[in-house]
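In what follows, a structure is listed as C-alpha cells, so that the remarks can point back to it.
For the numbers below, each heavy atom of this structure counts, side chains included, while hydrogens, waters and symmetry mates do not. Order of appearance sets the numbers: ligands from 1, and atoms from 1 within every ligand.
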Amino acid sequence: MEKLIITAAISGAEVTKEHNPAVPYTVEEIAREAESAVKAGASIIHLHVRWDDGTPTQDKGRFKACIDAIRERCPDVIIQPSTGGAVGMTDLERLQPTELEGTEMATLDCGTLNFGGDEIFVNSENTIKNFGKIMIERGIKPEIEVFDKGMIDYAIRFHKQGYIKAPMHFDFVLGVQMAASLRDLAFMVHSIPEGSTWTAAGMGRHQFPIAAMTIAAGGHVRVGFEDNIYLEKGVLAKSNGELVEKVVRIAKELGREIATPDEAREILSLEARK
Ligand code: KMH
Ligand code: ZN
C-alpha cells in the first residue's frame, strides 16, 4: 500500500484555548504546534492563523509570519493554508494566503454547508470557480474539502469545466454535516475519479475511528486540534504531536509506513517547489 500522508490541522478557526489550552494563537505557538506534529510524522500542516487574542484572520502578513516561523523549525514540511478561514469572511479575505510566494497547496471548499447554530459556511459556485482558477494560475494544488457527498460531484463538474486540474486530491470531512460512518466514507472513496488521492478527517470522537478505517482502506489521514482536542475520552491532547503519534501507532499496527514530506509531494503530484 502507498505510504501514509498525515496532515495535521493544528489550529483551526473555531476551537479555542478555553476548549484546550494547547490550541495555538501566537506565531510562536503555531510554530511550536507545527513542529510537534512534524516530529511525530505529519508531512502536511493545514494552516489557519489567529491574532494573539485568538481571533481568526486570513491576513497575508500574519500567514507569512507563521509560515516563516514554521519553516525555520520544519524546512521540508508542506504547508497548506486554509482558504476557508472562518465563517463570514469575504472571498478576498480568504484568498490572501494564496498570494504568498511558494504556496504549494491550499484548501478548496466545494460547497455551502451548515456550520452549527446559525452559522452558514458559504461557498457559491462562482466562489469555487474563482478560487479554483486562481489556484491553477498560481500553481497551487487544491485539497478539495468535501463536507457532503454532492461536493464530489461539484468538484468533478468544475474539473470538466477547467477550474480544477487532475489528478484531484480530496479531503472527506466526516461529522460536520454528513455522518462519520463507514458507509458514507466507502461511498465517497468509490465516487472520486480514478487516479485521485484522498484524505479523511473525522470530527471529535470520530477522529481515530475514521483514521483507522482510512489507514486500512489505503487513504490518507488528517488529525489535529481543528477537528478534535482529545487524545482519548476525557483526556485532552497536550499537543498536536500527540494526536499524530497516535495515528502513527495505528498505522504501524496495520502495516502502513509514513510518508515524508517529499514522498507526500510525489504521491500528490505537487508542482516543483519554487
Ligand atoms: N473554518 C471553516 C469555516 C478550510 O480550512 O478550508 C472552514 C474550514 C475549511 O476550516
Ligand atoms: Zn481548516
In terms of heavy-atom contacts, does CD of E266 have more than 12 from other residues, nucleotides or ligands at under 6.0 Å?
-> no
If we only count heavy atoms from C-beta on, is the T197 to F170 side-chain gap below 4.5 Å?
-> no
Which atom pair, heavy atoms only, marks the closest approach of V244 to A42?
-> CG1-N, 3.7 Å
Do you reckon I258 sits in the same ILVMFWY cluster as V77, going by side-chain contacts under 4.5 Å, direct or chained?
-> no
Would you say E145 reaches the Zn ion (ligand 2) with an N/O/S atom under 2.8 Å?
-> no
Counting each atom of ligand 1 from 1 as listed, which ones have a heavy atom of V87 under 4.0 Å away?
-> 3 (C)
Heavy-atom contact under 4.0 Å between G85 and ligand 1?
-> yes
Restricting H46 to its N/O/S atoms, the closest one to the Zn ion (ligand 2) is NE2
For ligand 1, which atoms have a heavy atom of G84 less than 4.0 angstrom away?
-> 4 (C), 6 (O)
Test of proximity, H46 against ligand 1: N or O pairs below 3.5 Å = yes
Looking only at protein heavy atoms, identify the closest one to atom 5 (O) of ligand 1 and say how far it is in Å.
-> S82 OG, 2.7 Å
Give the cluster check for V176 versus V15: same hydrophobic cluster or not, with ILVMFWY residues linked at side-chain heavy-atom distances below 4.5 Å.
-> no
Are E253 and R249 ion-paired here, with the side-chain N under 4.0 Å from a carboxylate O?
-> no
Taking atom types as modelled, find out whether R222 and T199 have a side-chain donor-acceptor pair closer than 3.5 angstrom.
-> no
Candidate with minimal heavy-atom separation from atom 3 (C) of ligand 1, of E14, Q80, H48 | E14
For ligand 1, which atoms, with element, lie under 4.0 Å from some heavy atom of F121?
-> 3 (C), 7 (C)
Atom 9 (C) of ligand 1 [closest protein heavy-atom partner, distance rounded to 0.1 Å] = D109 OD1, 3.3 Å
Regarding Q80 and E104, is there a side-chain donor-to-acceptor distance under 3.5 Å anywhere?
-> no
Minimum-distance protein heavy atom relative to atom 10 (O) of ligand 1 = E226 OE2, 3.0 Å
Tell me whether the centres of the aromatic rings in Y25 and W51 are closer together than 6.0 Å.
-> no
State, to the nearest 10 degrees, the angle whose vertex is the Zn ion (ligand 2) and whose arms point to NE2 of H48 and OE2 of E226.
-> 90°
Can you list the atoms of ligand 1 that are under 4.0 Å from a heavy atom of T107?
-> 4 (C), 5 (O), 6 (O)
